Amino acid sequence: QGERQKTAKSYTTFCSPEAAQHIVQYLIGRNSQIQLAYEKGDSIDCQLRYDDKLLDISNSHLSYTLKLINLKLGFGKVGKSTKFRCHALRKWQATVLLNIENGFSVQEIDKLQGRSQDKTHRAYFHNDKETLYKKYLACVDELMLFESIHSVDAAEVEQLKIKNLE
């Protein structure tokens, strides 16, 4: 659960195994203590606190990196903006989630991406996080770029939750 900085709207989001792997690699490379613990096989979680800022990347650095990717891919520009930018990634995610078989409704996608609903929809319709999570797990292969997972065993998820609480 989070809140978009731009709109102050709450959102619920989940992380694919592929994204989680890349985030962990980034954290290991960024922090020498974590890297040392990882190389020794020690627990990494003791090095991180719940309120740590995990991704120490400025907006200008992110924009520069996306421009380089856009240039390498040869996407060009739309007006003054490059085609490959954060907004394009949000649109891609929303389109994939909407169009896959047994995909998400527009309302569910809006909740995942932190878009607001009108007063009537806010009053009458509430997304259940557990249902969203189950749907996300069923669709996660469609969102991954380099890997795929074919099944996630509910018992395995519960074991990981217990392990993470230890």
Side-chain angles (χ1 to χ4, degrees), residues 1-100 103-119 121-122 127 129 132-133 135-137 139-149 152 160 164:
Q1 184 84 19
E3 185 176 282
R4 284 186 65 197
Q5 289 178 342
K6 180 179 172 184
T7 62
K9 301 294 179 190
S10 68
Y11 64 91
T12 300
T13 193
F14 309 105
C15 188
S16 70
E18 178 184 50
Q21 178 185 358
H22 289 284
I23 290 168
V24 168
Q25 291 303 315
Y26 169 80
L27 292 173
I28 289 169
R30 184 190 87 176
N31 186 311
S32 59
Q33 288 179 325
I34 295 174
Q35 187 170 13
L36 198 59
Y38 180 76
E39 288 170 358
K40 287 177 163 177
D42 293 342
S43 175
I44 298 171
D45 61 342
C46 63
Q47 305 292 329
L48 295 173
R49 293 189 330 265
Y50 178 74
D51 59 347
D52 280 349
K53 182 178 178 182
L54 297 181
L55 303 175
D56 190 21
I57 300 172
S58 69
N59 288 339
S60 60
H61 178 73
L62 179 61
S63 292
Y64 175 75
T65 302
L66 292 174
K67 284 179 185 177
L68 286 179
I69 293 170
N70 189 81
L71 183 64
K72 279 188 172 186
L73 295 174
F75 283 169
K77 292 186 173 189
V78 176
K80 294 182 180 181
S81 301
T82 58
K83 286 185 180 180
F84 191 77
R85 57 190 193 275
C86 291
H87 186 72
L89 294 172
R90 282 174 52 86
K91 287 170 70 173
W92 172 79
Q93 182 198 38
T95 302
V96 169
L97 290 173
L98 181 65
N99 291 313
I100 57 177
F104 285 70
S105 68
V106 171
Q107 178 189 354
E108 291 168 327
I109 294 167
D110 285 348
K111 182 64 179 174
L112 288 172
Q113 294 192 337
R115 274 190 293 282
S116 62
Q117 299 175 333
D118 63 40
K119 286 182 180 181
H121 284 107
R122 264 196 318 271
N127 290 305
K129 289 181 205 166
L132 284 174
Y133 179 65
K135 281 186 92 168
Y136 182 83
L137 285 179
C139 302
V140 73
D141 276 350
E142 302 294 331
L143 295 171
M144 297 198 326
L145 301 177
F146 302 109
E147 301 176 10
S148 66
I149 57 171
V152 176
L160 289 172
N164 285 335

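What you see is a predicted model; the values in this text were computed from it and never measured.
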In terms of heavy-atom contacts, L97 and I100 come closest through O-CG1, 3.7 Å
d(K77 NZ, R85 CZ) to nearest 0.5 Å is 11.5 Å
Rounding to 0.5 Å, atoms CG (L68) and CZ (F84) come to a distance of 11.5 Å
Closest heavy-atom pair, K83 versus N70, reported as atoms and distance to 0.1 Å, is N-OD1, 3.3 Å
In terms of heavy-atom contacts, F104 and I109 come closest through CB-CG1, 3.6 Å
Spell out, as yes or no, whether a donor-acceptor pair under 3.5 Å connects the side chain of Q113 to the backbone of R90.
yes
Does any non-hydrogen side-chain atom of L66 lie less than 4.5 Å from one of T82?
no
In this structure, CG of L112 is separated from NZ of K129 (nearest 0.5 Å) by 12.0 Å
Are there more than 12 heavy atoms of other residues, nucleotides or ligands under 6.0 Å from atom CG of N99?
yes
**Q.** Donor-acceptor under 3.5 Å (E108 side chain, S105 main chain)
**A.** yes
